Amino acid sequence: PPRNMLGKFRQNLAVPPKRIVRFFFSTTSPLRSPPQPPPSKYYSRRNVEFLVNECRSLVPHDDKFPDAGTVSHLLDSAESFVSTWAHTDKLFDSSGVPIYDVTTKSVKMSADSKKILDAYREAGFANMGSSGLGLPYVVQCAISSITSSAFTSQVLGHFVLTQCAGNLLLAHGSQELVDLYHEKLITGDYFGTMALSETQAGSSLQHITTKATDSNDGSFAITGTKMWTSGADHDLTDNIIHMLLAKIDGSDKISLFLVPKFLQDGTRNSYEINGLNHKMGNRAVSNCYWSLENATGYLVGEADKVRG
């Protein structure tokens, strides 16, 4: 604009322009947002809240969906967990790695693993679904995206595996098996695994050779070997529930079985941990190769229905 117009504008201002600038950028200005904590180096809180609260076409909201304030408090809890425990992650590359005991053929985990997993469980994050915090799945994912962001060791992967095992059991297991194991899995009192691959059958599961023989008492005797099973053994929980793939005698198709580390009478199931696979990452979770010799397993879902 012409200089004379700009000059007249300045003359009409009740407050000099420099004071207006200082007002807008002053920390005490009512037009300025309150001070925010420094951004995390692990995740973007703004991105998480944007996806949950504002992407309504991607995240459908109903009457049961928590409001933005509740979501914010939940994410605060997740951030607090990360702030408290993130420093332990580097320990799992050195002193915190799983140790295999050749004498007992078992895996011992570090004390730090136990502490952080107990803290996660006590915070309610192990059971965020309908029987726990009752959160929609997308909010569960938002919380998990924060809590897991600081742990490249994947120490919290124990709960991911367990949630998968629990969901699989609930969707396809008999009511008897659900009553026996599901509650313990979703609360994190038991941990679960996915025992799929074998030495000769990584992603090509149609080539597995583990066999299951009907014991005619509601169970199967399972014999074979498994490879690359994350969380196959540890001393973190009272029991480990394996969701294991095998072929029933006489069939070339795959079935799913539940194989507990300890049976209902407290006896140890008939399998051995033969050793650990030492990976470059995910070092806070044991990764095992193991063998079964007439181990007791229970059919989950219909026989011969798993696609390999």
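Just so you know, these numbers come straight off a predicted model, no measurement behind them. Positions are given from 1, in the same order as the sequence printed here. Values reported hereafter were calculated over all heavy atoms of this structure, with side chains retained and with hydrogens, waters and symmetry mates removed.
Side-chain polar atoms of S153 and N282 form no donor-acceptor pair below 3.5 angstrom. Between Q175 and D179, the side chains place a donor N or O and an acceptor N or O closer than 3.5 Å (distance only, hydrogens not considered). Using a 3.5 Å distance cut-off with no hydrogens or angles, the side chains of S291 and N274 do pair a donor with an acceptor.
With hydrophobic clusters built from ILVMFWY side chains whose heavy atoms lie under 4.5 angstrom apart, I240 does not share a cluster with Y100. By the rule that hydrophobic residues join a cluster once side-chain heavy atoms approach within less than 4.5 Å of another member, I186 and V139 end up as members of separate clusters. When hydrophobic clusters are built by joining Ile, Leu, Val, Met, Phe, Trp and Tyr residues whose side-chain heavy atoms come closer than 4.5 Å, directly or via intermediates, I208 is grouped together with M243. In the hydrophobic clustering of this structure, I116 does not group with L91; members are Ile, Leu, Val, Met, Phe, Trp, Tyr whose side-chain heavy atoms approach within less than 4.5 Å, directly or through other members. Taken together through direct or relayed side-chain contacts under 4.5 Å among Ile, Leu, Val, Met, Phe, Trp and Tyr, V138 and L51 form parts of separate hydrophobic clusters.
Interatomic distance, CG of L256 versus CG of L244, reported as 8.0 Å (0.5 Å rounding). The CD1 atom of I254 sits 9.5 Å away from the CG atom of D304 when rounded to the nearest 0.5 Å. In this structure, OG1 on T213 lies 9.5 Å from CD1 on I248, to the nearest 0.5 angstrom. For the atom pair CG of L177 and CG of L170, the computed distance is 12.0 Å after rounding to the nearest 0.5 Å.
Electrostatic pairing of K253 and E302 does not count as a salt bridge here, judged by no charged N lying under 4.0 Å from a carboxylate O.
A donor-acceptor pair is defined here as one N or O able to donate and one able to accept, closer than 3.5 Å; no such pair exists between the side chain of T267 and the backbone of L263. Under a 3.5 Å cut-off, the side chain of S251 and the backbone N or O of K247 do not form any donor-acceptor pair. Of the possible polar contacts, one joining the S145 side chain to the A142 backbone as a donor-acceptor pair under 3.5 Å is found. Under a 3.5 Å cut-off, the side chain of S113 and the backbone N or O of M109 do not form any donor-acceptor pair. Without hydrogens or angle criteria, S80 side chain to S77 main chain gives no donor-acceptor distance under 3.5 Å. The backbone N or O of N239 lies less than 3.5 Å from a partner atom in the side chain of T237, making a donor-acceptor pair. A donor-acceptor pair is defined here as one N or O able to donate and one able to accept, closer than 3.5 Å; no such pair exists between the side chain of N294 and the backbone of A221. Checking side-chain atoms of T229 against main-chain N and O of A195 turns up no donor-acceptor pair under 3.5 Å. Looking at D233, its side chain never comes within 3.5 Å of a backbone N or O of S106 through a donor-acceptor pair. When atom types are taken as modelled, the side chain of Y43 and the backbone of E79 share no donor-acceptor pair closer than 3.5 angstrom.
Counting non-hydrogen atoms of neighbouring residues, nucleotides and ligands closer than 6.0 angstrom, the NZ atom of K90 reaches no more than 12 such neighbours.
In this structure, F81 and W85 have tilted ring planes: the angle between them lies in the 30° to 60° band.
A pairwise comparison of heavy atoms in S286 and L276 identifies CB-CD2, 3.9 Å as the closest pair. For the residue pair V285 and G231, the shortest heavy atom distance occurs at CG1-N, 3.6 Å. For the residue pair V259 and T296, the shortest heavy atom distance occurs at CG1-O, 3.6 Å. The minimum heavy-atom distance linking A232 with I273 is given by the pair O-CD1, 4.2 Å. Scanning all heavy atoms of the two residues, the minimum distance from G192 to T162 falls at N-OG1, 2.9 Å. Shortest non-hydrogen contact noted between G124 and L133 is O-CD1, 3.6 Å.
Using a 4.5 Å heavy-atom cutoff, the side chains of L245 and L205 are in contact. Within the 4.5 Å cutoff, side-chain heavy atoms of L117 are placed close to those of L236. Residues L258 and I241 meet the side-chain proximity criterion, which asks for heavy atoms closer than 4.5 Å. Between D89 and T152 the shortest side-chain heavy-atom distance falls below 4.5 Å. In this structure, V48 and F50 have side chains that are not in contact, with every pair of non-hydrogen atoms separated by 4.5 Å or more. You'll find the side chain of Q200 reaches within 4.5 Å of the side chain of T209, heavy atoms only. Residues I143 and M128 have side chains in contact (heavy-atom distance under 4.5 Å, counting atoms from C-beta outward). You'll find the side chain of L161 reaches within 4.5 Å of the side chain of S230, heavy atoms only.
Applying the salt bridge (Lys or Arg N to Asp or Glu O under 4.0 Å) test to residues at least two apart or on different chains, the pairs with a partner in residues 92-112 are D93-R283, K108-D235. Sorted by first and then second residue, the salt bridge (Lys or Arg N to Asp or Glu O under 4.0 Å) pairs with a member in residues 186-204 read E198-K226; sequence neighbours excluded. Identified under the salt bridge (Lys or Arg N to Asp or Glu O under 4.0 Å) test for residues 271-282, with sequence neighbours left out: none. Evaluation of the ring-ring contact (aromatic ring centres under 6.0 Å, His included) test over residues 193-225, restricted to residues two or more places apart or in two chains, returns F220-F257. Pairs engaging residues 125-159 under the ring-ring contact (aromatic ring centres under 6.0 Å, His included) rule: Y120-F125, Y120-F159, H158-F191, H158-H234, F159-F191 [sequence neighbours left out]. Annotation: salt bridge (Lys or Arg N to Asp or Glu O under 4.0 Å) contacts involving residues 214-225, sequence neighbours excluded, are absent.
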Could you go through residues 66-76 and list every donor-acceptor pair under 3.5 Å that involves a side-chain atom there, pairing it with any protein atom two or more places apart or in another chain?
{"from": "D67", "atom 1": "OD1", "to": "G69", "atom 2": "N", "distance (Å)": "3.1"}
{"from": "D67", "atom 1": "OD1", "to": "T70", "atom 2": "N", "distance (Å)": "2.7"}
{"from": "D67", "atom 1": "OD1", "to": "T70", "atom 2": "OG1", "distance (Å)": "2.9"}
{"from": "S72", "atom 1": "OG", "to": "R45", "atom 2": "NH2", "distance (Å)": "3.1"}
{"from": "D76", "atom 1": "OD1", "to": "R45", "atom 2": "NH1", "distance (Å)": "3.0"}
{"from": "D76", "atom 1": "OD1", "to": "R45", "atom 2": "NH2", "distance (Å)": "3.0"}

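The salt bridge (charged side-chain N to carboxylate O under 4.0 Å, His left out) search around K184 returns none, not counting sequence neighbours. Scanning for side-chain contact (heavy atoms from CB on, under 4.5 Å) contacts around Q264 gives L180, Y181, with sequence neighbours left out. Residues that satisfy the salt bridge (charged side-chain N to carboxylate O under 4.0 Å, His left out) test with R268, not counting sequence neighbours, are absent from this structure.
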Inset, instruction - Take D118 and K115 through the test salt bridge (charged side-chain N to carboxylate O under 4.0 Å, His left out) and record every step on the way to the result. - result: CA-CA 5 Å; D118 284 347; K115 289 177 182 178; over 6 Å; no

Inset, instruction - Begin with the C-alpha distance, continue with both residues' side-chain angles, and end with the deciding distance and a verdict on side-chain contact (heavy atoms from CB on, under 4.5 Å) for N269 and F262. - result: CA-CA 6 Å; N269 211 343; F262 293 101; over 6 Å; no

Legend entry - side-chain contact (heavy atoms from CB on, under 4.5 Å) assessment of L168 paired with M194: CA-CA 10 Å; L168 191 57; M194 296 289 168; 4.2 Å; yes

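Chaining together hydrophobic side chains whose heavy atoms lie under 4.5 Å apart places W228 alongside M227, Y289. I99 belongs to a hydrophobic cluster with V97, counting contacts under 4.5 Å between side-chain heavy atoms of Ile, Leu, Val, Met, Phe, Trp and Tyr, direct or through other members.
No option in Y190, Y298, Y271 other than Y271 meets the ring pair (Phe, Tyr, Trp, His ring centres under 6.0 Å) test with H242.
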